Amino acid sequence: MIRELRTISRLCDLIYLVMEFFITLIQIGGTLIAILLLMAIIGLFFKRFRKMGLITLVGLVLLLTLTAVYFLSPRTYDRPYLAQQAQWEGISIREAATEAGIYIGAAVHSDNLYRSELLNSFNSLTPEVDLKLGHLFENEQVGTYDFSTADSIVEYALSNGIRVRGHTLVWGKLSAMFKAPDLDAYLEDFPEAERSSILKNLVDTHIKTVLSHYKGKIPQWDVVNEPLEIMGDGELEENVYLKYLGASYIADAFQLAHETDPDLQLVLNEILFNYQDERAEGFYQLVKQLQADGVPIHGVGLQSHILYTIPSIEALRVYIKRFTDLGLEVELTEVDARLRLFGDAEDPYHAQAEFYGELVQTCLDNPGCTGITFWGISDQSCWMDGQMIFPAPNEPFFYDAEYRMKPVMRVLATILTNAKGSRETIHMVEPATNADSEL
Ligand code: XIL
C-alpha cells in the first residue's frame with residue numbers, strides 16, 4: 001500500500017513537471033498556442049468547424065513537439081574564455097576566500113577528490129554522497145557501517161586544512177532512487193506495530209554512530225535535509241520519517257545530534273526554487289518554530305540548485321537576513337546554476353560567472369552568511385547530466401570538463417580579493433598531522 005502511494009506521489013510529481021513545462025511553453029509561445037488550442041476545442045464541439053479543429057489540432061501537436069524537441073535538445077555555446085586561460089594562471093580562490101573570511105566549498109566524491117583544483121579553489125568540502133545513509137551502510141545492509149570511503153575524504157580534507165560539511169543525517173527524499181535504502185520497503189518486512197520503534201532506533205543509532213565517529217573532525221552537519229514537499233507550498237514532505245515518527249522527527253534529530261556532540265553546528269538544509277514564494281515562507285516558519293521550541297538549531301542551508309529559473313538576488317538578500325536576524329548562520333550549500341539558463345546572453349559562460357559573483361557578494365554582505373558550497377568541481381560530472389528534465393548543457397562549475405578555468409574563477413577572485421578584511425578572517429583548520437587525523 002505504502003509503495004503504491006509512493007508510486008502515485010511520484011507520478012503526481014511527474015505530471016506536475018509536465019504541466020509546468022506546458023505552462024512555461026504557453027507563457028513563452030503564448031497566444032499563438034492558446035488560439036490554436038481554442039480553435040481545436042471549438043472544432044471538437046461544433047460539427048461545422050470539425051475540419052478546422054482537426055487541422056489546428058495536428059498543427060498544435062506538431063508545434064508542441066517541435067518546441068519540446070527544441071527545449072530538450074542539447075545546445076552548445078562558444079567558449080571565449082578559452083582564449084584567456086594564460087592570463088588567469090595563478091588565480092587562487094581558496095586563499096582569497098580565507099582572507100575574505102568566507103568558506104567557498106565544493107561537493108566531492110572519491111573520483112574528483114585528489115585534484116590540485118580542489119586545493120587551489122576551495123577551503124571547504126562536502127562529500128557529495130559518501131556520508132549519506134545508504135552509502136555508509138556496508139553493502140547497503142541497514143545498520144552495518146563501513147566508513148572507509150567517507151573517512152578517506154575527511155582525512156584528505158583535514159590533512160590539507162580544509163573544512164568538511166557533513167551531509168546528511170536524516171533525508172527522507174528520493175531514498176529509493178539514490179542508493180539510500182528504501183526504508184519504507186525495509187520496514188514493510190516488520191509487523192506494523194513495530195515499525196515506528198524500529199525506525200526510531202535506526203535513526204537514533206545512525207545519528208549517534210556517525211557523529212561519534214566524526215567527533216572533532218566535521219564541525220557542521222546538515223542534520224535534516226529537505227524536510228519540505230518538493231512541489232508543495234511549504235508543508236512537510238510525506239516521507240518515511242514523518243509517517244512513522246511524526247513531525248517531531250526533525251526536532252528529535254537536532255536534539256540527539258546536540259546531545260551526542262554539543263560542539264557541533266547543526267543545520268537544516270532545504271532546496272528552494274526561489275526565496276519569496278509560499279514554500280520559502282514555509283521553510284522560514286519551520287525554522288522559526290524550531291527555534292522558538294528551544295530546538296538546538298544553529299543554521300540553515302539554502303541549497304541553491306538553480307534549475308528552472310534564475311531567482312531574484314534581492315529576494316535572496318532579504319531571505320538571508322531574515323534568518324540571520326534570528327541569530328542563525330546561513331550557508332548556500334549546493335550551488336549549481338545550469339548554464340542553459342543563461343543561454344540568451346551573448347556569452348552564457350560569462351553571464352553564469354556574473355551570477356555566481358552576485359551570489360557570493362550577497363553572502364559576503366551579511367556577516368551571518370558564512371559560506372557557499374558549489375555542488376561539484378568540474379563540468380566533467382554533474383548530478384543533473386543525463387536527466388531528461390535537465391537538458392544539456394548544465395556545466396555549472398568552476399572548471400570545464402577538461403579542467404580549464406571558467407570565467408567564474410576570475411570573477412570570484414576579484415570579488416574575494418576586494419572583500420579582504422571586510423570580516424574576520426577564517427581560522428582555517430590546521431592541516432592535521434597523521435596522529436591527529438586517525439579515523
Ligand atoms: C545528489 C548527488 O549530487 C548525486 O550524485 C546523488 O546521486 C543524489 O544526490 N539535494 C541534495 C543532494 O541534498 O544530496 C543531492 O545530491 C542533490 C539534491
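The structure presented is a predicted model; accordingly, all values stated were derived computationally and were not measured. Note: hydrogens, waters and symmetry copies are ignored here, and every other heavy atom, side chains too, is used. First listed ligand is number 1; within each ligand, the first listed atom is number 1.
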Aromatic plane relationship, Y399 with Y403 - under 30° parallel, 30 to 60° tilted, over 60° perpendicular: tilted
Parallel, tilted or perpendicular: rings of Y214 and W221 (30°, 60°): tilted
Between ligand 1 and [X], can you find any atom pair, the residue atom being a heavy atom, that is separated by under 4.0 Å?
X    : value
K173 : no
K132 : yes
N225 : yes

Under 4.0 Å from a heavy atom of [X]: give me the atoms of ligand 1 that qualify, with their elements.
X    : value
H305 : 10 (N), 17 (C), 18 (C)
H167 : 11 (C), 12 (C), 13 (O), 14 (O)
E128 : 2 (C), 3 (O), 4 (C), 5 (O)

For [X], is at least one N or O under 3.5 Å away from an N or O on ligand 1?
X    : value
W383 : no
W171 : no
E226 : yes

Option passing side chain to side chain donor-acceptor pair (under 3.5 Å) with D336 (candidates W375, W383, Y356): W383
Between Y145 and H206, ring centroids under 6.0 Å: yes
F398 ring center within less than 6.0 Å of F122 ring center: yes
Residues forming a side-chain contact (heavy atoms from CB on, under 4.5 Å) with N418, sequence neighbours excluded: T414
V129 and ligand 1 - part of the residue with a heavy-atom distance under 4.0 Å: side chain
E334 contact mode with ligand 1 (heavy-atom cut-off under 4.0 Å): side chain
Greater than 12 external heavy atoms within 6.0 Å of Q85's CD: yes
Pairing residues for R322 by the salt bridge (charged side-chain N to carboxylate O under 4.0 Å, His left out) criterion, not counting sequence neighbours: E281
